[in-house]
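Below is one structure; the comments refer to it alone.
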Amino acid sequence: GTVPRRRPTRSDMGRGLTLLLLPLALLAAPAQGEGSRDAAEEVQIEMLHLPETCSPKSKKGDLLNAHYDGFLASDGSKFYCSRTQNEGHPKWFVLGVGQVIKGLDIAMMNMCPGEKRKVTIPPSLAYGQQGFAQLKIPPNATLIFEIELYAVNKGPRSVEAFKQIDKDSDKKLSELEISQYLKEEFARDGKKRHPSAHDEILADIFKKNDHDGDGFISAKEYNVYQHDEL
């Protein structure tokens, strides 16, 4: 028989949301000018392993769990390995919304749990002319990633999550509402944080989401992923 779908609990939705709102240390890149691209500037994808049942396939707005290693194409040196970070836990991130470099957002579309890919990403879809000194990525570097995808989940910016934060149901999230939400989240995961972390994250959330600068995050601003059901 089919297993009934478990209703997501507050903490599930909360966890998804925190993942979304907290700045992911991984590879969110400086925005590159779009510009026109020639064929050499496409992401090249090589399938290393495809499981027999390939479902569900990842799409924009999904929450993915993956491990990946990053190499410089020029000399093959490894600049990043998710297995050595965060006690070896795979990374969680939302696909297609700029939480990782543009090339990875493209490279991990239509990918299923258990699939492995090797992808080559041109500089225009990675760190461009600036490079990224912290990861020792030089300017104009082509990058290669070996990716193993573990899980594809529905993304966190759901109507339910919005309603959960929007305590006064006025269809917009105030600084107070998000501040309260962060406090609850922090209390729930029990990690020790410097008091200033709360204010920094709050400021970051508004900087990234309050596009019209009115001091509120509207349902439209919040739902940047345009989920199918909205």
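The first residue in the sequence is number 1, and the count goes up from there. Bear in mind the structure is a predicted one, so any value in this text is a computation, not a measurement.
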Verdict with supporting geometry, Leu95 and Lys59, side-chain contact (heavy atoms from CB on, under 4.5 Å): CA-CA 7 Å; Leu95 183 65; Lys59 62 185 191 306; 5.8 Å; no

How about Arg117 and Met111: do any of their side-chain heavy atoms sit closer than 4.5 Å? yes

Taking only residues two or more places apart in sequence, or in another chain, which ones meet His89 in a side-chain contact (heavy atoms from CB on, under 4.5 Å)? Asn86, Glu87

Taking the side chain from Asp105 and the backbone from Gly98, do they hold a donor-acceptor pair closer than 3.5 Å? yes

Can you check whether Val119 reaches Glu46 side chain to side chain, under 4.5 Å on heavy atoms? no

Sequence neighbours excluded, which residues qualify as salt bridge (Lys or Arg N to Asp or Glu O under 4.0 Å) partners of Lys118? none

Mind running side-chain contact (heavy atoms from CB on, under 4.5 Å) on Leu149 and Leu64 for me, showing each step along the way? CA-CA 7 Å; Leu149 184 60; Leu64 304 189; 3.9 Å; yes

Atom CG of Asp62 and atom CG of Asn153: how far apart are they, to the nearest 0.5 Å? 8.0 Å

Looking at residues at least two apart in the chain, or sitting in another chain, which of them share a side-chain contact (heavy atoms from CB on, under 4.5 Å) with Ser74? Leu72

Would you list the pairs meeting salt bridge (Lys or Arg N to Asp or Glu O under 4.0 Å) in which at least one residue belongs to residues 133-148, sequence neighbours left out? Arg83-Glu148

For residues Asp75 and Ser77, determine if any side-chain heavy atom of one lies less than 4.5 Å from a side-chain heavy atom of the other. yes

Do the side chains of His67 and Lys91 get nearer than 4.5 Å, heavy atoms only? no

Where the side chain of Ser82 meets the backbone of Tyr68, is there a donor-acceptor pair that is under 3.5 Å apart? yes

Nearest 0.5 Å please: distance from the NZ atom of Lys171 over to the OG atom of Ser218. 12.5 Å

Tell me if the aromatic rings of Phe79 and Phe145 count as close, with their centers under 6.0 Å from one another. yes

Between Ser58 (side chain only) and Asn110 (backbone N and O only), is there a donor and an acceptor less than 3.5 Å apart? yes

To the nearest 0.5 Å, how far apart are CD1 in Ile101 and CD1 in Ile106? 9.5 Å

Considering residues at least two apart in sequence or located in another chain, which fulfil the disulfide (SG to SG under 2.5 Å) criterion with Cys112? Cys54

Check whether Gln44 reaches the backbone of Thr120 with its side chain - one donor and one acceptor, N or O, closer than 3.5 Å. no

What about Phe216 and Ile165, same hydrophobic cluster or not, with Ile/Leu/Val/Met/Phe/Trp/Tyr joined at side-chain heavy-atom distances under 4.5 Å? no

Report yes if some heavy atom in the side chain of Leu202 is under 4.5 Å from a heavy atom in the side chain of Ile178; otherwise report no. yes

Does Ile45 share a hydrophobic cluster with Ile144, counting links as ILVMFWY side-chain heavy atoms below 4.5 Å and allowing steps through other members? no

When you measure from the side chain of Asp166 to the backbone N and O of Asp170, does any donor-acceptor pair fall under 3.5 Å? yes

Give the C-alpha distance, both sets of side-chain angles, the deciding distance and a yes or no for side-chain contact (heavy atoms from CB on, under 4.5 Å) between Lys208 and Asp204. CA-CA 6 Å; Lys208 290 202 171 84; Asp204 191 58; 2.7 Å; yes

With a 4.5 Å cut-off on side-chain heavy atoms, are Ile205 and Ile217 touching? yes

Measure the spacing between CD of Gln164 and CG of Leu173 and express it to the nearest 0.5 Å. 11.0 Å

Do the side chain of Asp210 and the main chain of Gly215 share a donor and acceptor less than 3.5 angstrom apart? yes

Residues at least two apart in sequence or cross-chain that pass salt bridge (Lys or Arg N to Asp or Glu O under 4.0 Å) with Glu177, listed by chain then number, are none

Could you state whether Phe132 and Phe93 fall into the same hydrophobic cluster, counting links through intermediate Ile, Leu, Val, Met, Phe, Trp or Tyr residues with side-chain heavy atoms under 4.5 angstrom apart? yes

Can you tell me how far the CG atom of Leu50 sits from the NZ atom of Lys116, to the nearest 0.5 Å? 12.0 Å

On a heavy-atom basis, the closest approach of Pro113 and Pro56 is CD-O, 3.3 Å

Tell me, do His198 and Ser179 make a side-chain contact under 4.5 Å, heavy atoms counted? yes

If I take atom NZ from residue Lys172 and atom CG from residue Asp214, how far apart are they, to the nearest 0.5 angstrom? 6.5 Å

Is there a side-chain contact between Leu125 and Glu41 in this structure, where contact means two heavy atoms from C-beta onward sitting under 4.5 Å apart? no

Verify the cluster assignment for Phe71 and Val100: are they in a single hydrophobic cluster under the rule of side-chain heavy atoms below 4.5 Å apart? no

Are Leu135 and Leu104 co-members of a hydrophobic cluster defined by side-chain heavy atoms under 4.5 Å apart? yes

May I have the step-by-step check of salt bridge (Lys or Arg N to Asp or Glu O under 4.0 Å) for Glu184 and Lys167, ending in yes or no? CA-CA 13 Å; Glu184 289 167 12; Lys167 295 266 197 297; 3.6 Å; yes

Taking all atoms of both residues into account, what is the closest heavy-atom pair of Met109 and Gly96, and its distance? CE-CA, 4.1 Å

